[in-house]
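All residue numbers in this chain count up from 1 along the given sequence. Quantities reported herein were computed from a predicted structural model and do not represent experimental measurements.
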Amino acid sequence: MRSYSLIAPAKINLYLEIIGDRPDGYHELSMVLQSIDLGDRVEIRANGTEDFRIHCQHPEVPCDRTNLAYRAAELLKTNYPEAFEQYGGADIFIDKQIPVAAGLAGGSSNAAAVLVGLEMLWDLGLTQPELHDLASQLGSDIPFCITGGTALATGRGNELEPLPDLEGLYVILAKYRSLGVSTAWAYQTYRQQFGSSYVRESPDLAARQKRVHSGPIVKAIALRDEMKVVECLHNDLEKVVLPEYPQVLKLRQTFEQCDVLGTLMSGSGPTVFALTDSREKAEQIRAQVQNTLGNPDLNFWIAKFINTGIQLAPGVH
């Protein structure tokens, strides 16, 4: 039986702006997304049956039909029944390294890995745009997770424009193990509190989108001006999450007091990250924050920016 083993990287948001409501019920967003080398290993192994089976060592990851990875496999089965008839189902093994419910797109990246892995296993010969179209049916982050790197994401987050690579930056991530924030709650609360400022007319929306494409953070990335990029870090969802979750606010404030380039909450949280220019400095900051807060429930990860999304894992496939 053939198999493929893939690395599914996490992502952070360097920028997240909520522009308004969309007719499909989602929010119109402007985001700058960045892949990091903290990743899960996902193995797709043909099993000679008509079933997809999820296996994961993490107790909080569902191994049933609610897992996005399972839904990705079912989507390919539905769209390519002849390939499924020929090749059959697969076992999907997820070695979970990305923290769960952390605003780092771990589930989305796993689903992206399943799309890429099954595409190869079934010899579908799909183009990247075709994979992106499938991915956008599953979730807004999944198209980005396939290609990764640095990208401007607009629409509901699934319309991607690649940006020049940001290299040489390291990220310290911190998350309280027992703390989770509902993404749906964060966006709904933002709508309740700030919906009056939403752009509502189509011409205004088009003008705002045009400004986004030439906005300060996009210009800074184009010029590879890392200091300016750091100055432009922004996340609208901090306005609702930080007041509601004082632990997350305190974590962000503690990072700010360290010698970091910049700090921000990623996505809807509760992960907070800080940027620096070396692994050594990242280790120092991790130790400093850990000592300051002294909470055994607080976990840390150190990663670097990468310019890739789903990749074959080193070794035999």
Quick one: does [X]'s side chain have a donor or acceptor within less than 3.5 Å of a partner on [Y]'s backbone?
X      : Y      : value
Asn295 : Asp297 : yes
Asn235 : Gly267 : yes
Thr271 : Ala102 : yes
Asp91  : Arg45  : no
Arg279 : Tyr170 : no
Asn13  : Leu16  : no
Glu238 : Pro243 : no
Ser109 : Ala105 : no
Glu119 : Gly125 : yes
Arg156 : Ser136 : yes

Does the side chain of [X] reach to within under 4.5 Å of the side chain of [Y], using non-hydrogen atoms?
X      : Y      : value
Asp95  : Gln57  : yes
Ile36  : Trp301 : no
Val32  : Val229 : no
Leu312 : Tyr4   : yes
Glu226 : Leu275 : no
Tyr15  : Met31  : no
Phe300 : Leu173 : no
Tyr87  : Arg2   : yes

Heavy-atom count around [X] [atom1] within 6.0 Å, excluding the residue itself: above 12?
X      : atom1 : value
Lys281 : NZ    : yes
Glu50  : CD    : no
Lys228 : NZ    : no
Phe194 : CZ    : yes

**Request:** Take Lys77 and Leu118 through the side-chain contact (heavy atoms from CB on, under 4.5 Å) test and state the conclusion after the steps.
**Result:** CA-CA 10 Å; Lys77 173 185 173 181; Leu118 276 182; over 6 Å; no

**SB check Glu283 Arg286 (cutoff 4.0 Å)** = yes

Minimum heavy-atom separation for [X] and [Y], please, with both atom names.
X      : Y      : value
Ala174 : Leu298 : CB-CD1, 4.1 Å
Ala135 : Ile142 : CB-CG2, 3.5 Å
Ile285 : Asp259 : CD1-O, 3.7 Å
Arg22  : Gly155 : NH1-CA, 3.5 Å
Arg41  : Ser5   : NE-OG, 2.9 Å
Ala73  : Val114 : N-CG1, 3.8 Å

**Request:** Start with the C-alpha distance between Leu76 and Leu124, add both sets of side-chain angles, then the distance that settles side-chain contact (heavy atoms from CB on, under 4.5 Å), and finish with yes or no.
**Result:** CA-CA 10 Å; Leu76 278 185; Leu124 293 176; 4.2 Å; yes

**Summary of ring-ring contact (aromatic ring centres under 6.0 Å, His included) pairs that have at least one residue in residues 32-54, sequence neighbours excluded** =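 Listed by first then second residue: Phe52-Phe84.
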
**Asked** Would Ile172 and Val289 count as a side-chain contact (heavy atoms from CB on, under 4.5 Å) if you check the C-alpha gap in whole Å, the side-chain angles of each, and the deciding distance to 0.1 Å?
**Response** CA-CA 10 Å; Ile172 312 102; Val289 173; over 6 Å; no

